[in-house]
Asks: 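The structure that follows is given in the form of structure tokens.
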Amino acid sequence: MGRLFKKTPSNSYIKTETKGAKKPLRPEVPRGMWRKCNKCGAPIFSEDVKAGYYICPKCGGYFRIHARRRIEMLADERSFEEWDTGLSVSNPLGLSGYPKKIAELREKTGLDEAVITGKMSMGGHETVVGVMDGRFVMGSMGYNVGEKITRAVERATALKLPVLLFCCSGGARMQEGIVSLMQMAKTAAAIKRHDSAGLLFVSVLTDPTTGGVTASFAMLGDVILAEPGALIGFAGPRVIEQTIGQKLPEGFQRAEFLVEHGFVDAILRREESKSILTKLLALHERKKESDGSVGAEGAGRGTEDGKDAEGGKDTQGGKTEIAGGEAEISAWERVKLSRKQGRLTGLDYINGIFEEFTEFHGDRAYGDDRAIVGGIAYFKGRPVTVIAQQKGRNTRENIERNFSMPSPEGYRKALRLMKQAEKFGRPVFCFVDTPGAFCGMEAEERGQGEAIAKNLFEISALRVPILSVVIGEGGSGGALALAVADEVWMMENAVYSVLSPEGFASILWKDSKRAQEASEVMLITAADLKRLGIIERIIPEREPAGKKNAKELYGILADGFEEFLGRFGSLSREELTARRYGRFRRM
């Protein structure tokens, strides 16, 4: 039975009749006039949604807002000035389809990246603003996102302006590998400098805010606000459910959950956003000062090309690797060696290199995490602080130490020991060996993302020398939280990555069995990361690190540590922090 159609003046088609039918069918609604709420399923009039701050008038559910629309809702008329547009595509892994995907997204969304940054006024108060947009690679943070946010924060510091960031992200951008991971440290370091200048940073968490963004700038605000019902967490709900094997409770990781657990200051209703944010700006407004400070143009640019913020000093310093080199074996073989049972652990290195190690316990807030050990020791007669992520030597020890996957209290313990080291002028040595931060339900309840973010923030400006050595697995933000250092070294058979090869293959290709293939494209070996400038030294393993060659490795590292202290121990606190900032600013 054929259907007849007729063309309407609006060029849309409506069904008019069916042969043999007595009654005409009801006309269809013109496309775009109505839409379905993805929260309650009710039909809603599009214009009502737009006029109502993109909130469902039936159930009150929040729709995601395009970045430019959010700026229009907040900025005083014609006050927004956009910054840093048109950055070239970063493709550190050389993925063949990645530049094309970015070009298509730029065409489709009208955005050049997953964040828009600039300056605007709101209620007459000037502020630097950044707004993330989930339409662009899920709002993930690659080099360009990290660079735009860092530049915006640096210019805000130079102009003595507050920063307002709206976060919406799936986390670090895996297509850019470990370069994406480094943006966590870079943005946190820039915010630390802004903080030290006594300036306001307001972070607004929208749906969703997860992964590496949660574990960096999103959780570092002087004031942290969240939209109603927003998903906020370090690990996503699906990952946690797979880890614990059970369904999560209703409301877990939602904005209200984080307020209840003390990680968010308040819920920010969208219709009240402009008035409340304006009030915050007014309460923290600084008087204009004419002190000859650096202008906005070029703020922070002196840290590129290997120069630090003090103006032209070489931040690389000293040797770049200890004698020896890597044998030519595959990245997947390195992954297997980094995980191999019997590989030297953090405590092995501590007891083999340092004298009179005394372990300290607890984060002074919740408990003691045995996945991280730390305390004080002597190194060639000099007091130092040593911290390590500790794997077990057998199944029982691995269970006791949670397979070296730290919880929030572990990261807070590490930070407590580092701040103590700063107080007493002790250098810090860290040994990194973790598949990643623990992603269980209790870790989220106790603030896993905030704990990692706070480490990046504080350690970036720690005023004593810090050296981190990746001795086995360097898994994502869980490893980075102990690797914000003046230099990072790697054992020859260690790996350091934005996520595991299995996770990379599962997300990118929907097939975790392609982990071996993923490891070859992720650039995760010591040689790869040395070429990228992510690490400074490779420690050779003439055979995989174990009891047989332990003394040899301890001797190599001890000589390197002594040389490191010779270079960094003589620097002033200002020179030290400037060099460290310059190191991450280049990434």
Side-chain angles (χ1 to χ4, degrees), residues 185 189 192-193 196 303 306-323 346 349-358 360 373-388 414-432 455-456 458-471 481-491 530 533-539 553-586:
K192 176 63 176 177
R193 287 192 159 198
S196 297
T303 61
K307 306 298 180 181
D308 72 17
E310 295 295 308
K313 295 178 183 176
D314 180 7
T315 60
Q316 297 289 347
K319 303 174 184 177
T320 56
E321 57 183 312
I322 296 172
Y349 286 101
I350 289 174
N351 292 324
I353 297 172
F354 304 93
E355 304 90 39
E356 299 183 41
F357 171 62
T358 301
F360 293 153
V373 299
I376 56 175
Y378 284 103
F379 177 71
K380 297 186 181 298
R382 177 174 182 171
V384 297
T385 290
V386 288
I387 300 168
L415 181 58
R416 179 177 72 82
L417 296 178
M418 291 189 197
K419 296 298 285 185
Q420 183 189 84
E422 180 181 53
K423 178 178 180 179
F424 296 106
R426 293 192 295 262
V428 177
F429 293 91
C430 295
F431 295 91
V432 176
N455 275 33
L456 307 184
E458 294 288 356
I459 300 169
S460 69
L462 204 72
R463 296 179 296 171
V464 290
I466 315 169
L467 175 63
S468 294
V469 185
V470 184
I471 59 174
L482 291 189
V484 181
D486 298 298
E487 288 189 358
V488 175
W489 301 355
M490 285 180 68
M491 303 301 295
K530 178 68 168 53
I534 302 297
I535 68 167
E536 281 72 22
R537 297 194 185 188
I538 300 170
I539 311 301
L553 293 175
Y554 299 157
I556 292 173
L557 283 169
D559 290 344
F561 290 177
E562 189 171 19
E563 185 268 332
F564 169 83
L565 290 177
R567 285 189 289 114
F568 285 88
S570 60
L571 298 177
S572 70
R573 290 183 169 188
E574 291 73 21
E575 289 174 321
L576 193 66
T577 54
R579 280 175 176 262
R580 192 179 306 135
Y581 185 78
R583 180 181 184 274
F584 282 95
R585 186 61 185 83
R586 293 190 306 277

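Along the sequence shown, the residues carry numbers beginning at 1. Computed over heavy atoms, backbone and side chain alike; hydrogens, waters and symmetry mates excluded.
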Asks: Which of these, V386, V464, V384, sits in a side chain to side chain contact (heavy atoms under 4.5 Å, CB included) with V428?
Replies: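 Answer after filtering V386, V464, V384: V464.
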
Asks: Within the structure provided, determine whether L417 and F360 are in side-chain contact (heavy-atom separation under 4.5 Å).
Replies: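 Yes, their side chains come closer than 4.5 Å.
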
Asks: In sequence, state the C-alpha distance, the side-chain angles, and the governing distance for V488 and I534, and then conclude on side chain to side chain contact (heavy atoms under 4.5 Å, CB included).
Replies: CA-CA 8 Å; V488 175; I534 302 297; over 6 Å; no

Asks: Please check this pair: side chain of R580 against backbone of L462, looking for a donor-acceptor N/O pair closer than 3.5 Å.
Replies: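 Yes, because the side chain of R580 sits within donor-acceptor range (under 3.5 Å) of the backbone of L462.
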
Asks: Please examine the side chains of M491 and L553, heavy atoms only from C-beta on, and report whether any two atoms are closer than 4.5 Å.
Replies: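 L553 vs M491: side chains touch.
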
Asks: Looking at every non-hydrogen atom in both residues, tell me the closest pair between S468 and A485 and how far apart they are.
Replies: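 For S468 and A485, the tightest heavy-atom pair comes out as OG-CB, 3.6 Å.
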
Asks: Side chains of L557 and I539: does their closest heavy-atom pair fall under 4.5 Å?
Replies: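 They are in side-chain contact.
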
Asks: Has R426 got a side-chain atom pairing as donor or acceptor with E422's backbone, closer than 3.5 angstrom?
Replies: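 Flag not set: sc R426 to bb E422 has no pair under 3.5 Å.
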
Asks: Hey, could you give me the CD/CE distance between E458 and M418, rounded to the nearest 0.5 Å?
Replies: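 Result: 11.0 Å between the selected atoms.
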
Asks: Within the side chain of E575, is there an N or O that forms a donor-acceptor pair under 3.5 Å with the backbone of S572?
Replies: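 At least one qualifying donor-acceptor pair exists.
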
Asks: Would you call R579 and L571 a side-chain contact if the rule is heavy atoms closer than 4.5 Å?
Replies: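 Yes. Closest side-chain heavy atoms under 4.5 Å.
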
Asks: From D486 CG over to F568 CZ, what is the distance, rounded to the nearest 0.5 angstrom?
Replies: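 Those atoms lie 5.0 Å apart.
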
Asks: Can you tell me how far CG of L467 sits from SG of C430, rounded to the nearest 0.5 angstrom?
Replies: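 The CG atom of L467 is 8.5 Å from SG of C430, to the nearest 0.5 Å.
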
Asks: Measure the CZ-CG distance between R382 and L565 for me, rounded to the nearest 0.5 Å.
Replies: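 Spacing of CZ (R382) from CG (L565) equals 5.0 Å.
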
Asks: Are P383 and Y378 side-chain neighbours, meaning at least one heavy-atom pair lies under 4.5 Å?
Replies: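 Counting from C-beta outward, P383 and Y378 do come under 4.5 Å.
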
Asks: Could you tell me if the side chain of I466 sits less than 4.5 Å from the side chain of V484, heavy atoms only?
Replies: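 Not touching, per the 4.5 Å side-chain cut-off.
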
Asks: Looking at R583 and E487, is there a salt bridge between them, counting it only when a charged N and a carboxylate O are closer than 4.0 Å?
Replies: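 No.
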
Asks: S570: which residues meet the side chain to side chain contact (heavy atoms under 4.5 Å, CB included) condition with it, sequence neighbours left out?
Replies: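 Side chain to side chain contact (heavy atoms under 4.5 Å, CB included) check on S570 returns nothing, list empty.
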
Asks: Apply side chain to side chain contact (heavy atoms under 4.5 Å, CB included) to the pair L482 and F431, showing each step before the final yes or no.
Replies: CA-CA 8 Å; L482 291 189; F431 295 91; over 6 Å; no

Asks: Compare every heavy atom of P465 with every heavy atom of F564, then report the nearest pair and how far apart it is.
Replies: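 Taking every non-hydrogen atom into account, CE2-CB, 4.0 Å.
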
Asks: Taking all heavy atoms of G346 and all of A388, pick out the closest pair and write down the distance.
Replies: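 Distance-wise, the nearest heavy atoms are CA-CB, 3.8 Å.
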
Asks: Using the side chain to side chain contact (heavy atoms under 4.5 Å, CB included) rule, take Y581 and K192 through it: C-alpha gap first, then chi angles, then the decisive distance, then the call.
Replies: CA-CA 10 Å; Y581 185 78; K192 176 63 176 177; over 6 Å; no

Asks: Before you tell me yes or no, could you show the steps for E356 and I376 under side chain to side chain contact (heavy atoms under 4.5 Å, CB included), namely the whole-Å CA-CA distance, both residues' side-chain angles and the distance that decides it to 0.1 Å?
Replies: CA-CA 8 Å; E356 299 183 41; I376 56 175; over 6 Å; no

Asks: Rounded to the nearest 0.5 Å, what separates atom CD1 in I350 from atom CZ in F379?
Replies: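 It comes to 13.5 Å.
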
Asks: Is the distance between the ring centroids of F354 and Y349 under 6.0 Å?
Replies: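 No, ring centres 6.0 Å or more apart.
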
Asks: Please list, chain by chain and in numerical order, all residues satisfying side chain to side chain contact (heavy atoms under 4.5 Å, CB included) with K380, sequence neighbours excluded.
Replies: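 Here the qualifying residues are E562.
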
Asks: Say you draw a straight line from CH2 of W489 to CZ of F561; how long is it, rounded to the nearest 0.5 Å?
Replies: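 W489 CH2 to F561 CZ: 6.0 Å, rounded to 0.5 Å.
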
Asks: Quick one: closest heavy-atom pair of T577 and A461, and the distance?
Replies: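 Taking every non-hydrogen atom into account, CG2-O, 3.5 Å.
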
